[in-house]
Amino acid sequence: MAEALTERAAAAKATTTETMIVAAARQLEGERVCFVGIGSPNLACNLAKRTVSLDLELVYEAGVFGAVPARLPLSIGDPTLVTGAASVSSMFELFAYYLQAGLIDVAFLSGSQIDKWGNLNTTVIGDYANPKVRLPGSGGACEIAINARKVFILMPQTKRSFVEKIDFVTSPGHLAGKRPAEWAGAGPTIVVTGLGMYEFSDDGVMYLSSLHAGVTVEQVRGNTGWDIEVASELRETHPPTAAELSLIRETLDPDGTYSR
Amino acid sequence: MAEALTERAAAAKATTTETMIVAAARQLEGERVCFVGIGSPNLACNLAKRTVSLDLELVYEAGVFGAVPARLPLSIGDPTLVTGAASVSSMFELFAYYLQAGLIDVAFLSGSQIDKWGNLNTTVIGDYANPKVRLPGSGGACEIAINARKVFILMPQTKRSFVEKIDFVTSPGHLAGKRPAEWAGAGPTIVVTGLGMYEFSDDGVMYLSSLHAGVTVEQVRGNTGWDIEVASELRETHPPTAAELSLIRETLDPDGTYSR
Amino acid sequence: MAADSSKVASMQEAIREVVRDGDTVAIEGFTHLICFAAGHEIIRQRKRDLTLARMTPDVIYDQMIGAGVASKLIFSWLGNPGVGSLHAIRRRIERADPEPLEIEEYSHFGMVGRYVAGASRLPFFPLRSYYESDLPKANPRIVPIDSPFSDDTVYAVPPLNPNVAIVHVQRADARGDAHIWGVLGCQKEAAFSAERVIVVCEELVGESVIRSDPNRTVIPGLVVDAVVVEPKGCHPSYAQGYYDRDNRFYVEWDAIGRDPQRLESWLKEWVHGTATHAEYVDKMGDRWDGLLPPEAWSEPVNYGRYE
Amino acid sequence: MAADSSKVASMQEAIREVVRDGDTVAIEGFTHLICFAAGHEIIRQRKRDLTLARMTPDVIYDQMIGAGVASKLIFSWLGNPGVGSLHAIRRRIERADPEPLEIEEYSHFGMVGRYVAGASRLPFFPLRSYYESDLPKANPRIVPIDSPFSDDTVYAVPPLNPNVAIVHVQRADARGDAHIWGVLGCQKEAAFSAERVIVVCEELVGESVIRSDPNRTVIPGLVVDAVVVEPKGCHPSYAQGYYDRDNRFYVEWDAIGRDPQRLESWLKEWVHGTATHAEYVDKMGDRWDGLLPPEAWSEPVNYGRYE
């Protein structure tokens, strides 16, 4: 009883990012091979490896399989990912033999803009030839979106990021519900934002499946650029437990670089 | 004078194979990167590295660059080629980044049949579907014939091997004089047999350029299945020197596996 | 195979569970690391109707095909390296003796490209070979393809995805993460292209040995179904640093393979007459004396601890 | 470069002789082994009109493009890893400030495929990417191509053959045979694809060190024109086992790159204000203290002597 109270107290103080990280980590239960992005996805994967998915294998696009990072990497090619890893190969082999071959169960993506089919833009705001804001571009995102068996999307939600029409399709999601069968990947299955979690209907359309604690459907609608669908049985995201939070705060990201 | 006599005495006793090896080795003067076959080509290359082409780099299709074999290898993938080599890479990299890229200056080929354009057959005698004799096939020969900058051919000469029409084109030579410009390689430039040496005209047709000691043009004609052209200034192959022979007999192939 | 982290199995178990009649099986290794021990166990278990794929069928496939395990061969160079022919295979191709053998033939780079395409899930691999050769006439699966950027033509070969790849390595851990050094052949591409993979190792080592040098890991445990520990499992092929190639055996095989009776007695004595590869190794006796090289160690490298 | 067997040159000589105005230059290295020392020397020598190719332009190209050496950028991910934007490059793309910068954009695998095609003399490389993305609309050099074996479509990218590739490595001999460990990126493919290659090493070692472990040789001297010895030549990037990534520098660069004045003073002080990279390294003083990791050595392997 006292423990439950402590949990609630801790959970009440979880930051939005911590809530997102924990929600994403729990979705990794039962998954085996995860293509890890830097920042929140890295925390989510390392949290899952300590909680719901002890055998999770971490793959980094720099060519690393079976990484055992001894510190929180700032970049995707940090030396701590290499020392003690199971295998380090060339990027050609990583992209061809792991990702394109269909060995990646789950990959994390993010974006500056997303539409209701989970298509993502990380290339440009405005016109490609005359950009208002030049974003980083694809990196490996385009091929990850196509070839990873499932894609988890982790991104902040505002009316400017959840839009009716994205300015540029960097990474295809469910297109307009017609994802071709020859693609290895099933596309985005989960979107986690600071407000809630989303899944996709059989038609490839995003719907709100779970609200984070204290968030209302109206808040979600107010931060979505289209008329978002809501699950008939809308859940409430189970808040982070004290154990999850202490792993993030004490072990994985003690400086709070990515979680506060 | 005494030395010259000794030389002649030794040369007189050179085997046919030794004569071929020495003649081929001398042609490697000025070449830098050589794709080495097993057997006589291996001896020719290692002889050249000790005589006319000290900086010759030996590449073996097993993936080895800069080999320094401490013994005569029986196979193309012998462990003595690996220990102490400059680089050992996958066969994909060897064929793609070295051979296909055009880094190989000279490669050695052989065959059971050759025609007047230097096209080679190592696949089958008789019909492909109902072979009289099933030969080894291409191995790397087909891509070597197309991509090495020059090809040296080393093979025994009889009326059954020097033929009007070969039963199967495994490795293209000068086709019928129309070798495409986009091929990295210029095709066969030299053929060395037990009887003499051959070069190719601008039309890609083989002609006898040099007779080995004691061989007549009539012998050559008698061992060629087409009306062979003969250089207007036919040379006599300079016989192996005592130094060349002693390198072969004492250092490179003391058991005479490939040279007697 | 068990889903737990140790995949270690005996050769008998691994072949029994992983190799099925009718499978396409690739025992790869270019001269180096050819797993004769696995081939012999396939013969002992009398597997049938296999399609055998290898760049260089080598003596191991002459033995297997001579023993009747296969109905088809996919290859690029069919010979006894440095010696001559593979006679058991030639008898089947030239005279259907004792039965026909279907063949599917490429060049070396074509076979390598097929494994690369298979490992990459590409529908084809392009290469600059086969121009004006008769190989595309003999094999309709070698086809010209135009470049979309120029009027250049290259040839395409289709992906090869064996049901089973068997790769021999010098050292592996129980999860199947494997170090190889020396001639690499297309062991990596074959392993990644296959549905199921057996790693056979000279030495089983702790994870810490593999993880001390992750750049040396040619095959990750991720794609491995079984790990078999079989010292000297490549004889008469070799394992760099462990034992030499038994060149004398390759020469001797010429006469054995030429004669169906002698081939049969050889199989009876050396394969069916030994229950395991360890017995075969013992039976060789002092033949090993000349095959064990002095040591030549690599200079280590420092990966650094980043904590 | 001289044709004799030693290719060792100073960075000044190497950049002067190998890099020419108007060249396409690839300083590769994925997070790891990015040769800032070479980039700085290109700035010092005021090279002009370069086309710079890199998967991840990183802070080095922000510095070079901020310094005005380039008129075009070929890339796949344009950011300061883990930090944010590359502001000098963004100013030129978004506002042509102080002048326009042409761009040619791919995805990571597309760039890797371009280097592989360039290194292999293939007219294109096929990959399963770009479907339904807007990238092929933005870059007409990404085109669909049909498989000759199925109704599958893949996308093709054209070969990339830079005039110059500059690759940093941990150790090399005087001929340019180079060992790399840790993240390999596409150093090998970039080197093989280029007309001219500069290898920059942390340590110059004897041939015997390289030849003790030929499987570790990522780049053979065959394709190398100059060997430059430049310890700590990657700062603020890193060399596995030698020094750590200076993450603090990457964070600090954000504010510097945002402000053209600060960028200019930084270049003046740290690049034009130092005659060589050794001076730059000295000038960093005790900043190195936190960047030198404890050792973690690989287990050696035995190649055996075969005589």
Side-chain angles (χ1 to χ4, degrees), chain B residues 30-35 53-60 62-75 77-105 143 146-149 180-185 251 254, chain D residues 2-7 113 115-123 125 159 161 165 169 172-180 184 186-195 197 199 205-224 301-307:
Chain B
E31 305 294 347
R32 186 164 167 229
V33 185
C34 184
F35 202 95
S53 189
L54 308 186
D55 295 328
L56 195 69
E57 296 282 9
L58 308 184
V59 178
Y60 291 81
V64 181
F65 166 72
V68 284
R71 70 180 184 200
L72 189 68
L74 180 72
S75 79
D78 194 276
T80 196
L81 301 173
V82 166
T83 304
S87 171
V88 177
S89 53
S90 71
M91 292 190 75
F92 172 70
E93 291 172 356
L94 198 284
F95 277 97
Y97 301 166
Y98 287 80
L99 177 64
Q100 186 168 279
L103 293 181
I104 304 298
D105 294 323
E143 40 264 8
I146 288 164
N147 294 295
R149 297 204 174 269
E182 72 262 25
W183 296 16
T251 309
Chain D
D4 64 58
S5 64
S6 172
K7 298 169 185 166
Y115 283 121
V116 171
S120 311
R121 219 173 48 84
L122 277 176
F125 196 84
N161 290 102
V169 307
D173 63 27
R175 299 156 29 113
D177 300 307
H179 280 182
I180 300 181
L184 302 174
C186 54
Q187 302 284 64
K188 174 173 228 156
E189 293 79 7
F192 273 95
S193 70
E195 275 169 36
V197 175
V199 158
V205 295
E207 265 191 50
S208 63
V209 173
I210 299 296
R211 288 172 181 268
S212 80
D213 197 357
N215 287 113
R216 181 100 60 201
T217 305
V218 172
I219 296 164
L222 179 60
V223 299
V224 175
V301 302
N302 175 21
Y303 279 88
R305 286 193 289 115
Y306 294 88
E307 287 160 356

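Side-chain atoms are counted along with the backbone in the values below, which use heavy atoms only and exclude waters and symmetry mates. Chain letters run A, B, ... following the sequence lines, proteins first and then strands; every chain starts at 1.
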> What residues, two or more places apart in sequence or in another chain, satisfy side chain to side chain donor-acceptor pair (under 3.5 Å) together with Arg211(D)?
Replying inline: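 With sequence neighbours excluded, Arg211(D) shows a side chain to side chain donor-acceptor pair (under 3.5 Å) to Glu207(D), given in chain and number order.
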> Can you list the residues that meet the salt bridge (Lys or Arg N to Asp or Glu O under 4.0 Å) rule with Asp105(B), with sequence neighbours excluded?
Replying inline: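 Asp105(B): no salt bridge (Lys or Arg N to Asp or Glu O under 4.0 Å) contacts found.
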> Rounded to the nearest 0.5 Å, what separation is found between the OH atom of Tyr98(B) and the CG atom of Leu222(D)?
Replying inline: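 Tyr98(B) atom OH to Leu222(D) atom CG measures 6.5 Å (nearest 0.5 Å).
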For [X], is it the side chain, the backbone, both, or neither that has a heavy atom closer than 4.5 Å to a heavy atom of chain B?
X	result
Val218(D)	neither
Arg175(D)	side chain
Asp177(D)	side chain

What are the two closest heavy atoms between [X] and [Y], and how far apart are they?
X	Y	value
Arg121(D)	Ala101(B)	CD-O, 3.8 Å
Pro214(D)	Ala85(B)	CB-O, 3.4 Å
Ile210(D)	Ala86(B)	CG2-O, 3.9 Å

> Side chain, backbone, both or neither: which part of Phe65(B) has an atom under 4.5 Å from a heavy atom of chain D?
Replying inline: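 For Phe65(B), the side chain is the part near chain D, not the backbone.
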> Quick one: what part of Val33(B) sits under 4.5 Å from any heavy atom of chain D, side chain, backbone, both or neither?
Replying inline: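 Only the side chain of Val33(B) comes within 4.5 Å of chain D.
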> Quick one: does Gln100(B)'s side chain have a donor or acceptor within less than 3.5 Å of a partner on Ser120(D)'s backbone?
Replying inline: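 Looks like yes, one N/O pair under 3.5 Å.
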> If you count heavy-atom pairs under 4.5 Å with chain D, which of Gly84(B), Pro69(B), Ala70(B) comes out on top?
Replying inline: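 Of Gly84(B), Pro69(B), Ala70(B), Gly84(B) has the most heavy-atom pairs under 4.5 Å with chain D.
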>> Quick check on the interface: out of Gly102(B), Ala184(B), Gly66(B), who has the most heavy-atom pairs with chain D under 4.5 Å?
In response: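 Most pairs with chain D among the choices: Ala184(B).
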>> Only heavy atoms, only distances under 4.5 angstrom. Which residues in residues 187-194 of chain D are near chain B?
In response: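 Residues of residues 187-194 of chain D touching chain B at under 4.5 Å: Lys188(D), Glu189(D), Phe192(D).
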> With sequence neighbours left out, which residue pairs that include part of residues 80-92 of chain B fulfil the side chain to side chain donor-acceptor pair (under 3.5 Å) condition?
Replying inline: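 Passing the test, one end in residues 80-92 of chain B: Thr83(B)-Gln240(C).
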